[in-house]
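Notes for the one structure printed next.
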Amino acid sequence: MPWTKDFYVIDTYTGQKRLALRETALQPYLSPDGKYALYYNIFKKYWFSLELSTLRKTNLTKKVEVAFYDEDDDHPMLPYPHGFGGFDKDGNGLIYNKFDVWKVSMSGETIPINITANGRKNKIEYRTQRLDAENPNNASYSANELLITSFDMTTKASGLYVLTDDKLVEKIKPTEFFLNKYKKAQKGEVFTFRRQNFNTFQDLYYTNTNFQNTTRITDANPQKKDFKWGTAELFSWKAYDGKELEGIIYKPENFDPSKKYPLITYFYEKRSDSYRNYYTPRPSASIVNPSYLVSNGYIMFVPDIVYEDGKPGPSSYNCVVSGVEALEKLGYVDSENIGIQGQSWGGYQVAYLVTVTNKFKAAMAGAPVSNMTSAYGGIRWQSGLSRAFQYERTQSRIGKNLWEGFDLYIENSPLFGIPKIETPLLMMHNDKDGAVPYYQGIEMFMGMRRLQKPVWLLVYNDEAHNLRKEKNRQDLSIRMMQFFDHYLQGKPVPKWMTNGVSRVEKGKNLGYDLEEKSSETEKTIPSSN
C-alpha cells in the first residue's frame with residue numbers, strides 16, 4: 001500500500017473547497033488552461049483526467065493495449081508509471097510507456113496517440129524535455145517543434161529529434177555518446193547540452209541554429225591526456241536461472257587479452273544504462289572509481305541484478321556470481337584475484353555474498369545491513385521513517401512483515417552466515433548514518449571478530465551515509481585501494497591493517513605506511529579504525 005493523500009479543488013475567490021481525489025498516491029498535474037488535472041491511478045494502473053469545474057474523472061488510457069506502468073519493476077509493491085512528459089502547446093497531456101510518448105486529450109474525446117510510433121519496435125526509449133523553469137509542466141519546443149530525446153536500450157546511445165508533421169526528424173544522430181542536461185535560454189532559440197562517454201569528459205555544447213550546428217564551448221578537462229585511462233564495453237550473459245542480463249566491463253588502456261588482470265566487481269541494482277557515462281577520478285564518497293581502477297591495472301565489472309521477492313541475497317548471487325564466472329571464460333581475468341565492492345544496498349549484498357561463496361579474495365562493504373531482524377524495527381534517522389516499509393515493499397524486497405516472513409529475514413541476513421565467511425572484509429559505517437543504522441555495521445564487525453574472521457571497520461565520526469568531507473573521502477579511497485592492492489595485486493600490507501589505529505591515535509597516525517614484508521593478514525584480527 002503506497003502512501004496516499006487527498007486532493008481538493010479550492011475556489012480562490014470564496015475559499016470553498018471540494019474533495020476531488022481521495023487516497024491518491026501521486027501528485028496530479030494542472031493543465032495550462034487550468035481546467036483539468038492529469039493524474040495516474042496507481043491502483044487501477046491508468047491515467048485519468050479530472051475536470052476541475054465538475055470533478056468529473058475520465059479514464060484516458062483504458063482502451064490502449066500497452067502498460068503505462070513499469071512492467072520491469074521487481075519490487076513487491078504496486079508499480080509506478082513510466083512518467084509524465086508535460087503538456088504540449090495545444091494542452092494535450094504527454095505520457096510515457098516503456099518506450100514511447102503518447103498524447104492524450106484532457107477531455108478524453110479522442111483516443112490516445114503514440115506520437116513516437118517505433119520505440120517499442122526498435123527498443124528505443126523516447127522522452128520529451130521540460131526546460132522552462134517558470135512553467136515546468138510544459139513540454140519544450142525548438143522552432144515550434146516538440147523536442148524529443150532518444151535512448152537506445154541496446155547500444156545505450158542517445159540522440160535528439162523534433163516532431164515535424166507527426167514524424168520524428170533527427171537533429172543529433174545517436175552515436176557513441178550520451179547526451180543530457182539540456183537547457184534553453186529564457187529568450188531566443190539557444191540551447192545547451194552535455195555530451196560524454198567513458199573516455200570523453202562531459203563538456204558543454206550549444207546551438208542557436210535549431211540543432212543544425214553545435215559548438216563545444218568548454219574544455220574543462222584537458223589534463224586527461226596526461227593520464228592512463230581505459231575503455232568500456234557492454235557484456236551479456238545468462239544468470240543461473242536463465243535470465244538474460246547485461247553489465248559493463250571497464251578495461252585498462254593498452255589492454256592485452258593474453259594477460260591476466262585482477263578484477264573488482266561493483267554493483268547497485270541495474271547500472272548497464274550508465275555504459276556511456278564519464279567518471280572523474282577523484283576521492284570517493286563510498287565506492288570504487290572505474291577510471292582509477294583501470295588506470296591502475298584492474299578490470300572492473302558492473303553487472304545488472306534482477307530480484308525475486310523474498311530472496312534479495314540469493315538474487316544477487318544468481319546475477320553477480322554468474323556474471324563473474326561468465327567473464328572468467330573470456331580468459332583475461334585472474335581468477336585467483338577477484339574482489340567485490342558495494343555501498344548501502346550494494347554493501348548489504350557484498351556482506352551477504354561472502355557468506356555463501358568464496359569466489360572473492362577480498363571484499364569491501366559500505367554501510368551494510370547485516371541483521372534484517374534488528375534493522376526492521378528501527379527508523380531512518382534522517383527522515384524519521386520506520387524501516388519496516390523498506391523490507392516489506394521496497395528495496396529489500398522481502399515482501400512480508402517480520403513475523404510472517406521470519407525465515408526469510410534470517411536467511412537473507414549476513415549476520416547469521418558469519419561462520420561460513422572466509423573472505424577478508426573491509427567495512428565502512430559512520431556514526432551519523434541517517435539511512436542505514438550505524439549498529440548494523442557494528443553487529444557485523446563484532447560477529448566476525450568473535451569468530452576470528454578477517455575484518456576491518458572504518459568509522460568516520462560525524463559523517464553520514466556517504467562521506468561529505470573531502471579529507472575523509474581521500475582517506476577512504478586510500479585505505480580501500482591499499483586493501484584491494486594488497487589482496488589482489490600482492491602489494492605490501494599497510495600498518496593500519498595489521499596494527500589498527502587506536503582511538504587516541506585516530507586522526508594523528510594514519511597508518512598508511514606499508515610493512516616491509518608481506519603479512520598473513522588473513523589471520524590477523526586488528527582493531528577497528
Side-chain angles (χ1 to χ4, degrees), residues 70 72 82-86 94-102 114-132 139-143 145-164 167-184 189-218 220-221 229-236 246-250 268-280 290-291 302 304:
D70 184 359
D72 296 327
H82 281 287
F84 168 65
L94 301 174
I95 57 177
Y96 305 144
N97 66 4
K98 183 175 181 179
F99 296 102
D100 290 298
V101 180
W102 289 70
N114 181 349
I115 64 174
T116 50
N118 64 7
R120 185 171 296 274
K121 176 183 177 181
N122 297 330
K123 293 187 177 180
I124 296 174
E125 178 189 87
Y126 291 109
R127 297 295 184 252
T128 59
Q129 292 288 301
R130 291 187 282 160
L131 306 178
D132 185 350
S140 294
Y141 290 76
S142 175
E145 297 172 318
L146 183 66
L147 280 172
I148 296 179
T149 60
S150 70
F151 183 80
D152 191 311
M153 302 300 290
T154 302
T155 67
K156 316 301 180 184
S158 53
L160 182 72
Y161 297 79
V162 294
L163 195 67
T164 303
K167 293 182 179 180
L168 289 176
V169 177
E170 185 178 271
K171 288 295 182 179
I172 301 179
K173 182 180 178 62
T175 56
E176 70 270 23
F177 297 103
F178 174 56
L179 311 177
N180 68 340
K181 303 291 185 181
Y182 289 93
K183 302 288 184 182
K184 184 180 186 299
E189 292 293 309
V190 178
F191 293 83
T192 63
F193 62 95
R194 295 188 182 275
R195 191 183 78 165
Q196 64 181 301
N197 61 24
F198 183 63
N199 277 283
T200 306
F201 184 80
Q202 56 265 44
D203 276 310
L204 192 64
Y205 288 72
Y206 90 99
T207 178
N208 58 0
T209 59
N210 193 21
F211 295 94
Q212 295 301 318
N213 297 293
T214 60
T215 304
R216 190 175 80 175
I217 57 177
T218 64
N221 196 24
W229 212 255
T231 60
E233 64 184 59
L234 290 171
F235 179 65
S236 299
E246 283 188 307
I248 309 170
I249 306 172
Y250 298 97
Y268 194 97
E269 300 205 353
K270 295 179 181 178
R271 303 285 295 178
S272 60
D273 285 352
S274 65
Y275 161 57
R276 298 189 186 276
N277 285 11
Y278 178 89
Y279 295 95
T280 300
S291 304
V302 185
D304 282 351

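Note that the numbering runs from 1 along the sequence shown for the chain.
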Report yes if the side chains of Asp100 and Ile115 come closer than 4.5 Å at any heavy-atom pair, otherwise no. no
Test side-chain contact (heavy atoms from CB on, under 4.5 Å) applied to Val162 and Leu147, step by step: CA-CA 5 Å; Val162 294; Leu147 280 172; 4.0 Å; yes
Ion pair present between Glu269 and Arg271, side-chain N to carboxylate O less than 4.0 angstrom? no
Hey, does Asn118 have a side-chain heavy atom less than 4.5 Å from the side chain of Tyr126? yes
Please work out whether the ring planes of Phe198 and Trp229 are parallel, tilted or perpendicular, with thresholds of 30° and 60°. tilted
Determine, stepwise, if the pair Ile172 / Arg195 fulfils side-chain contact (heavy atoms from CB on, under 4.5 Å). CA-CA 11 Å; Ile172 301 179; Arg195 191 183 78 165; over 6 Å; no
Does Phe177 reach the side chain of Gln196, with side-chain heavy atoms less than 4.5 Å apart? no
Mind checking whether Phe99 and Met153 have side chains closer than 4.5 Å, heavy atoms only? yes
Side chains of Leu131 and Phe191: closer than 4.5 Å at any heavy-atom pair? yes
Please list, chain by chain and in numerical order, all residues satisfying ring-ring contact (aromatic ring centres under 6.0 Å, His included) with Phe201, sequence neighbours excluded. Tyr278
Taking C-beta and beyond as the side chain, do Arg120 and Asn97 meet within less than 4.5 Å on heavy atoms? yes
State which residues pass salt bridge (Lys or Arg N to Asp or Glu O under 4.0 Å) with Asp70; sequence neighbours excluded, sorted by chain then number. none
Check Asp72 with Lys98, please: is the shortest side-chain N to carboxylate O separation under 4.0 Å? yes
For the side chain of Asn199 and the backbone of Gly230, is there at least one donor-acceptor N/O pair under 3.5 Å apart? yes
How long is the straight-line distance from CZ of Arg127 back to OG1 of Thr116, given to the nearest 0.5 Å? 8.5 Å
Show the nearest heavy-atom pair for residues Ile124 and Ser150, with the distance to one decimal. CG2-CB, 3.8 Å
Results of ring-ring contact (aromatic ring centres under 6.0 Å, His included) for Phe193 - residues two or more places apart only: Tyr182, Tyr205
Is the backbone N or O of Ile148 less than 3.5 Å from a side-chain atom of Thr128, with the two atoms forming a donor-acceptor pair by type? no
State whether the side chain of Ser158 and the backbone N or O of Phe151 hold a donor-acceptor pair below 3.5 Å, judged by distance alone. no
Gap separating the CG atom of Asp304 from the CD1 atom of Ile248, nearest 0.5 angstrom: 7.5 Å
Taking Lys184 first and then Glu189, would you say they form a salt bridge - that is, a charged N and a carboxylate O separated by under 4.0 Å? yes
The ring-ring contact (aromatic ring centres under 6.0 Å, His included) partners of Tyr96 (sequence neighbours excluded) come to none
Checking Thr215 now: which residues fulfil side chain to side chain contact (heavy atoms under 4.5 Å, CB included) with it, not counting sequence neighbours? Tyr206
Test item: Arg130 and Leu94 side chains (from C-beta on) under 4.5 Å apart, heavy atoms: no
Residue list, side chain to side chain contact (heavy atoms under 4.5 Å, CB included) with Asn210, at least two apart or on another chain: Ser142, Ala143, Glu145, Lys171
Minimum side-chain heavy-atom gap Ser272-Lys156 below 4.5 Å: yes
